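Worksheet for the structure shown next.
None of these values were measured; they are calculated from a predicted model.
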Amino acid sequence: MRRMTARPGNAHQARLLKLLRDGGPNSRAQLGDQIDLSRSKLAVEVDRLLETGLVVADGLAASRGGRRSHNVRLNPELRFLGVDIGATSVDVAVTNAELETLGHLNQPMDVREGPVAVFEQVLAMAAKLKASGLAEEFDGAGIGVPGPVRFPEGIPVAPPIMPGWDGFPVREALSQELGCPVMVDNDVNLMAMGEQHAGVARTVADFLCVKIGTGIGCGIVVGGEVYRGTTGSAGDIGHIQAVPDGRPCACGNRGCLEAHFSGAALARDATEAAQQGLSAELASRLETNGALTAVDVAAAAAAGDATALDLIREGGNRTGQVIAGLVSFFNPGLVVIGGGVTGLGHTLLAAIRTQVYRQSLPLATGNLPIVLGELGPAAGVTGAARLISDHLFSPA
């Protein structure tokens with residue numbers, strides 16, 4: 001490990017680091033307006049951060065009358081690695097300490113190949129970003145995986161769509177390979193953190209972030225912090241029963257939401273419809289491509305295909321019924337819908353909204369926006385960088 005061996009010495013320093021991360025370069029005077037410290041105490045804490053090298057001087061601030069204050073900023077040489085492992089692809093990005101993305105790679109990948117093969121690919125992508133001159137080394141890395149994670153040990157636990165990953169020491173193994181601290185979390189929690197940092201949830205303290213991809217999960221943010229539950233499995237809504245005695249699910253139960261509507265379920269239903277002659281558009285795409293995905297269903301729906309539209313509405317209705325229960329229970333200020341299936345767009349969103357607004361109490365839904373995420377694939381890697389920065393910008 002190298003440059004970032006220093007950590008904040010107390011909660012005040014941690015708060016200053018996070019203010020500089022989220023707000024960018026700032027003057028001592030403006031930082032003083034945002035933190036409950038006397039000017040002399042603030043000066044001591046900033047000077048200590050300057051000594052660690054985590055913070056550097058950044059010239060004189062604009063005058064507010066009297067003596068001009070000095071600007072400070074996070075060290076511009078700090079680099080974080082954000083990794084978002086999905087079921088069928090992986091995103092790897094390098095950010096600076098303010099979580100601005102400096103470089104971002106995406107490659108197809110099958111998580112079922114197991115952790116060794118997947119991490120070989122991740123490390124190769126990280127090396128490629130390094131070789132392009134974006135980073136000499138990494139000061140920390142955040143990793144998202146599409147399954148339950150025992151946090152903070154960073155170990156996947158019985159993930160239904162990740163054979164071979166149960167109990168694999170992701171945090172420990174990658175920390176050794178990368179030579180820096182690593183934090184691991186469920187991918188949907190990282191999507192929520194990304195949307196909170198730079199997306200549609202920037203000003204909301206309590207919200208739900210529902211990711212509809214190959215599977216379905218929900219990030220729960222309470223008071224600005226991700227809520228993970230006692231063991232890290234909070235938000236695993238894909239395995240809430242949506243259809244009594246319905247289809248078998250990868251988890252071993254029947255009728256789970258994920259078995260009836262997710263990227264995988266939608267592809268299966270679209271293929272059946274095409275083979276049964278219910279949709280000429282889907283049949284044509286199946287013949288051309290050899291297989292169907294949610295992207296094909298979205299394209300068919302955009303072309304006005306009635307069967308594709310019905311599949312999206314039916315899935316949206318089922319998802320909306322589950323979200324309506326969450327809204328009644330949690331009373332969030334915002335619901336964000338993200339993930340690969342959001343390419344289905346406003347047809348999906350309208351179906352989800354209809355169910356939530358119909359089934360939840362007016363007090364819970366009266367001022368409740370239900371919106372698509374803003375960041376797309378960048379949400380996960382931004383959230384991953386935020387995860388590791390939260391760890392490193394906290395007292396050791």
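- Of the possible polar contacts, one joining the Asp166 side chain to the Ala158 backbone as a donor-acceptor pair under 3.5 Å is found.
- Not a single donor-acceptor pair under 3.5 Å links the side chain of Arg254 to the backbone N or O of Arg247.
- Counting heavy-atom neighbours within 6.0 Å of Asn10 CG, excluding the residue itself, gives a total above 12.
- Checked for salt-bridge contact, Arg28 and Asp47 meet the test: a charged N lies under 4.0 Å from a carboxylate O.
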Test side chain to side chain donor-acceptor pair (under 3.5 Å) on Asn253 and His239 and set out the steps. CA-CA 8 Å; Asn253 292 320; His239 300 288; over 6 Å; no

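- Counting heavy atoms from C-beta outward, Val170 and Phe119 have side chains that approach closer than 4.5 Å.
- Here the side chain of Asp206 pairs a donor or acceptor atom with the backbone of Gly223 at under 3.5 angstrom.
- For Glu113 (side chain) and Val118 (main-chain N/O), no donor-acceptor pair under 3.5 Å exists by modelled atom type.
- At a threshold of 4.0 Å, the pair Glu51-Arg48 does not count as salt-bridged, since none of the basic side-chain nitrogens sits closer than that to a carboxylate oxygen.
- Within the cation-pi definition used here (under 6.0 Å to the ring centroid, within 45° of the axis), Arg228 qualifies as a partner of Phe151.
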List the steps, then state whether side chain to side chain donor-acceptor pair (under 3.5 Å) holds for Asn71 with Ser27. CA-CA 4 Å; Asn71 275 334; Ser27 70; 4.6 Å; no

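- Checking Arg73, Arg79, Arg21, Arg386 one by one against Glu98, the salt bridge (charged side-chain N to carboxylate O under 4.0 Å, His left out) holds for a single residue, Arg73.
- A side-chain donor from one of Asp296 and Asn289 sits under 3.5 Å from a side-chain acceptor of the other.
- Residue Asn96 comes nearest to Phe80 through the heavy atom pair O-CD1, 3.8 Å, listed as atom of the first residue, atom of the second, then distance.
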Leu292 and Val297: side-chain contact (heavy atoms from CB on, under 4.5 Å), yes or no, with the steps? CA-CA 8 Å; Leu292 293 176; Val297 180; 5.7 Å; no

